[in-house]
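One structure is given below, encoded as structure tokens.
First listed ligand is number 1; within each ligand, the first listed atom is number 1.
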Amino acid sequence: MPIERVLAEVDRAAGEIIDFAQRLIRIPTINPPGEEYEYCANVIGDQLRAHGADVQLLPAVGRIEHTPQHPRINVIGRHAGAAAHAPAIHLNGHFDVVPTGNGWTRDPFGADIADGRLYGRGACDMKAGIAAAVFAAEAIKRAGVAPAAPIEISGTVDEESGGFAGVAWLAEHRFLSRERTRCVIIPEPFGVDRVCIGHRGVYWFEVVAEGRIAHGSMPYLGINAIEGMSHLLDLVRDELGPALFGRVTTMPVVPEQSRHATININGIDGGQPVDDTPSPCVADRCRVVFDRRFLVEEGLERTRAEIAALVVKAQSRMPDVSFSIEDRLVFEPTQTPEDAPVVGALTEAIAQVTGRKASLVASPGTYDQKHVARIAGVPHCVAYGPGQLDLAHQPDEYCSIEDIVSATKVLALAVLKLSS
Ligand SMILES: [Zn+2]
């Protein structure tokens with residue numbers, strides 16, 4: 001039976017999978033600024049080539065982030081199937097990691113193994129996932145199964161900073177497209193028995209309040225923009241916040257608190273610099289950046305209109321201050337239909353490998369699925385991979401070794417089913 005043979009090949013390759021994950025963790029692909037991308041893309045490319053895949057290294061030419069100091073290099077390996085022109089099953093992982101931060105008790109790039117855990121920055125988010133994807137395809141090959149559809153594995157850059165030179169670039173250049181790609185699985189760390197079908201929307205915007213400068217000893221001669229902004233912040237806290245908390249999505253977002261619509265005040269800047277020698281001036285400008293995560297039920301237009309109305313209300317409380325709103329980053333919510341074949345293949349594989357019933361979840365934040373859906377136009381994209389989501393970006397990040405092997409098995413069985 002192909003299934004048993006594939007599972008046995010994953011078990012046999014367990015040491016190689018962990019070793020490959022360790023090699024990836026030891027490359028400090030810190031983003032920002034995007035260190036060691038070229039080297040890491042080559043390490044992934046070499047492994048895929050050793051497995052017999054056709055490998056392409058793809059610099060994100062045309063993106064401003066792609067510089068001589070910090071080149072943005074993506075990599076795709078393709079195992080041709082019997083039906084070479086059929087749309088591919090595509091597994092995509094980002095190989096950038098966030099900075100280490102404080103609080104580590106281990107070398108963040110040491111890839112230590114202790115108590116059945118593999119430690120390091122990127123262990124769960126998501127170098128273990130990349131190793132699982134690379135070896136899932138290899139296990140199918142080693143089992144002597146010839147899939148009909150091609151299987152592609154990509155390693156991409158910059159997911160942590162929006163993915164524009166990574167998955168978005170691949171989609172813009174049609175390496176991911178409706179014609180070429182049947183479905184995409186992103187092995188982000190949602191856990192061995194959870195499939196992530198989408199995420200909430202993002203509306204990042206800034207509001208600028210402008211007043212009039214005057215001498216700080218005679219504030220009545222000026223118009224204080226910070227004071228104006230404080231009216232908006234009051235409204236966000238007292239009116240918008242409670243209203244958002246009352247809205248709950250039917251999407252299975254985890255953690256549960258994120259089933260509500262939310263808003264965060266990301267940053268504020270206004271008036272005179274506080275660290276330099278202060279000059280006695282009325283603050284004539286104040287700028288706040290907000291991060292509003294909206295529900296599929298709310299939609300972008302309603303979300304925008306609600307913010308605009310709130311700003312008008314703030315202005316009515318201090319009419320001399322003028323307010324303006326500017327979009328910073330907008331992503332629609334995405335949701336793969338629960339009856340998509342890729343969802344069915346993964347949930348069946350999870351039951352086969354773990355004996356547990358899979359749960360479908362959605363993500364509070366966005367990840368590269370947005371580019372797959374929006375630019376590539378591939379509607380069937382999910383995230384499934386080893387690791388615990390809440391360990392991502394934390395000190396002493398780790399991934400359970402048992403989970404890495406189990407997730408490799410699940411990916412292999414799902415890909416086997418989808419590609420046959
Ligand atoms: Zn990630």
Side-chain angles (χ1 to χ4, degrees), residues 20-21 24-25 27-37 40-41 44 65 72 74-75 90-101 108-109 111 118-134 136 153-171 176 184-192 194-200 202 253-255 258 293 329 331 334 336 346 361-373 381-400 403-404 407-408 411:
F20 183 53
L24 295 179
I25 291 167
I27 309 169
T29 46
I30 300 168
N31 179 29
E35 304 282 1
E36 305 285 353
Y37 281 177
C40 193
I44 296 169
E65 313 88 300
R72 266 53 192 168
N74 301 293
V75 59
H90 191 107
L91 307 177
N92 161 261
H94 68 86
F95 59 75
D96 58 317
V97 299
V98 294
T100 54
F109 301 107
L118 172 56
Y119 283 90
R121 176 54 85 227
C124 82
D125 186 11
M126 57 178 288
K127 287 173 168 172
I130 294 175
V134 167
I153 294 138
S154 59
T156 49
V157 301
D158 283 358
E159 189 274 345
E160 300 291 1
S161 53
F164 299 103
V167 169
W169 190 93
L170 290 189
L176 286 166
V184 178
I185 302 173
I186 303 178
E188 288 274 6
F190 283 93
V192 283
R194 303 198 302 180
V195 179
C196 179
I197 56 170
H199 54 69
R200 301 185 298 174
V202 183
V253 184
V254 287
S258 292
R293 301 296 167 121
L329 193 71
F331 291 117
T334 71
T336 295
L346 280 166
V361 298
S363 171
T366 69
Y367 52 97
D368 279 331
Q369 180 167 357
K370 56 186 177 270
H371 301 308
V372 175
C381 176
V382 297
Y384 171 81
Q388 288 167 251
L389 193 57
D390 49 8
L391 295 177
H393 302 198
Q394 297 262 358
D396 286 346
E397 177 181 346
Y398 69 84
C399 192
S400 143
D403 285 1
I404 300 173
T408 308
L411 286 169

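Residue Thr156 is tested with Asp96, Asn74, Asn92 for a side chain to side chain donor-acceptor pair (under 3.5 Å); the sole match is Asn92.
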| said: Assess the residue pair Arg121 and Val98 against the criterion (side-chain contact (heavy atoms from CB on, under 4.5 Å)); give the C-alpha distance rounded to whole Å, side-chain angles, the decisive distance to 0.1 Å, and a yes or no. | reply: CA-CA 8 Å; Arg121 176 54 85 227; Val98 294; 3.7 Å; yes
| Run the side-chain contact (heavy atoms from CB on, under 4.5 Å) check on Arg72 and Asn31 step by step: do they pass? | CA-CA 11 Å; Arg72 266 53 192 168; Asn31 179 29; 3.9 Å; yes
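Using cut-offs of 30° and 60° on the angle between ring planes, the pair Tyr37 and Phe95 is perpendicular.
Ordered by chain and number, His94 NE2, Asp125 OD1, Glu188 OE1, Glu188 OE2 make up the set of protein N, O or S atoms under 2.8 Å of the Zn ion (ligand 1).
A donor-acceptor pair is defined here as one N or O able to donate and one able to accept, closer than 3.5 Å; such a pair exists between the side chain of Lys127 and the backbone of Leu24.
Heavy-atom minimum distance, Ser154 versus His90: OG-NE2, 2.7 Å.
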